[in-house]
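Below, chain A is the first sequence line, B the second, and so on; all start at residue 1.
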There are 2 protein chains.
Amino acid sequence: MTFSSFGRDMNLTMEVICRELFLHNRESIKIQKEETAVRNLVKILDAALRLCNEKGFASMSLRDLSREADLSLGAMYSYFSSKDDLLRLMQGQCRSMVLRALESGIEGFYDPRMRLRRLIQAHLYSSEILQPWFYMSYMETRSFPKDEYSLAIEAELFTEKTLVDIMLEGQASGLFKPVNAGLLGAVTKAMLQDWYLKRWKYSKRKITVQNYCDFVLDFIESYLLFTAEA
Amino acid sequence: MTFSSFGRDMNLTMEVICRELFLHNRESIKIQKEETAVRNLVKILDAALRLCNEKGFASMSLRDLSREADLSLGAMYSYFSSKDDLLRLMQGQCRSMVLRALESGIEGFYDPRMRLRRLIQAHLYSSEILQPWFYMSYMETRSFPKDEYSLAIEAELFTEKTLVDIMLEGQASGLFKPVNAGLLGAVTKAMLQDWYLKRWKYSKRKITVQNYCDFVLDFIESYLLFTAEA
DNA sequence: CTTTTTAGAACGAGCGTTCGTTTTTATTTT
DNA sequence: AAAATAAAAACGAACGCTCGTTCTAAAAAG
């Protein structure tokens, strides 16, 4: 699975995300016409993610957002009922789409080594495309309202558990070495997260998601696989 | 080097940090008597770090801080001249003491394998003791005032470069395998950071800093060292 | 003309910061 | 040893400003 084939298969564009968001929230969104709504939701979400990445959700004022999205305060309140509601909209839609991408990444694969590769690829590629959302989710989790907080933690632990389960499968079938799978899963998650948390560093060094992915896979597999290599 | 021996050698207690802080900032601090000043600085910094970890620096109001530190607003302003100044005080003092701890960790060691071990230990142990400060620094860096931002980035890159340099030394001397040292340094930093960023997760799983440290060292050395093992 | 969408002034709450006052501590005088 | 005074530290109401949110009127669309 290459990054560009992943990009083609999953459709993680803002346009698509905002259209789904609109269709799933017609009751709460006060705008009727789909095209108008989608166009403005894209402007709002793009601007919100940009501002959240710069200064954080709490420090992003709705006046900043209004300026950046090129919509008045009143107009924006036709799309969400409060600042927290805006957060809920972004979280709900993006989380479900990323989860879908991860699941369909490993779907139909049964060899532990292949499943591990594909899960790591799917995670890195998703976060490459939706980096601002991943970054925002990571940095803001602690200040989310209670329900969103739980969902975010749950999602983090779910991905980690999936990693660990694949490792345990591989160990059970004698394919992987009996190393500490729990800790290996945890630090693998940390490496996956570093890709979207330190994007500035990796871009400056001209390291692509493909480079990073290959390295992480080699690093982990060297530790897990029995040495057939030199 | 064990965690407890490290704790004994470096003196990273709040009491010590605040006393140094006071002595280095006598001009700007409006309180004369050392004992009074140190006692209250400890209250202020402890409370500030606690609140910053809960809700972030921007969302911590000075009224919150005043309540938690059990000091009036006016009294607190005898110790710093603005909210940003409070940040600068915490950053300056803690950063220099952590840097000192890292440097004296590898001082006097010349074998690359030993240097790598000791640097990783010193980093994990420091962040175990000053976890709230490490966490705050990581999460708030992007919203620091310009000068503090640069210093924080510089410190992050310095630690990473030190890791990479040790790896390159080891490779040059034929002790380590010729893997991608730049990327290995980057993901090593990510693993070190995960220890203070996800403390809640590791405490819940009853994983100690010693466990984590041993695992990370084993993981990295397996990748770097030529296989003398099974 | 009716409906949908946008604009931006207005409001109360909470922010960082200031400052005149009170309380506590230390020193001097009786 | 007690009282008086001076110095140091702590207090918290008040100020100007920005925040999230509401609301009415204007503009645009059909």
Please report, rounded to the nearest Å, how far the [atom2] atom of [N] is from the [atom1] atom of [X].
X       : N      : atom1 : atom2 : value
A/Ile29 : C/dT5  : CD1   : C1'   : 14 Å
B/Phe80 : C/dT18 : CZ    : P     : 11 Å
B/Asp85 : C/dG16 : CG    : P     : 15 Å
A/Glu34 : C/dT5  : CD    : P     : 12 Å
A/Glu35 : C/dT4  : CD    : P     : 17 Å
A/Leu65 : C/dT6  : CG    : C1'   : 15 Å
A/Leu62 : C/dG8  : CG    : C1'   : 14 Å
A/Met76 : C/dT5  : CE    : P     : 17 Å

Would you kindly say whether [X] and [Y] are connected by a side-chain donor-acceptor distance under 3.5 Å?
X        : Y        : result
B/Asn211 : B/Tyr202 : no
A/Gln210 : A/Tyr125 : yes
B/Gln91  : B/Trp133 : yes
B/Gln193 : B/Lys198 : no

For [N] and [X] - does any side-chain N or O of the residue sit under 4.0 Å from the phosphate oxygens OP1/OP2?
X       : N      : answer
A/Tyr79 : C/dT6  : yes
A/Ser72 : C/dT6  : no
B/Ser61 : C/dC15 : yes
A/Asn40 : C/dT5  : no

What contact category does [X] fall into here, base, sugar-phosphate, or nothing, at under 4.0 angstrom with non-hydrogen atoms?
X       : value
B/Asp64 : nothing
B/Ser82 : sugar-phosphate
A/Ile31 : sugar-phosphate

Seminar exercise, completed: Per nearest nucleotide of DNA chain C, the residue lying toward the 5' end, B/Lys33 or B/Lys83, is B/Lys83
Exercise. Quick one: the side chain of B/Arg63 and the base of C/dG16, do they pair up donor-acceptor inside 3.5 Å?
Worked result: yes
Exercise. Mapping B/Gln32 and A/Met60 onto DNA chain D by nearest heavy atom, which one lands closer to the 5' end?
Worked result: B/Gln32
Exercise. Are the aromatic ring centres of A/Phe57 and A/Phe144 under 6.0 angstrom apart?
Worked result: no
Exercise. Which nucleotide in the set C/dT6, D/dT22, D/dC11 lies at the smallest distance from any side-chain heavy atom of A/Leu73?
Worked result: D/dT22
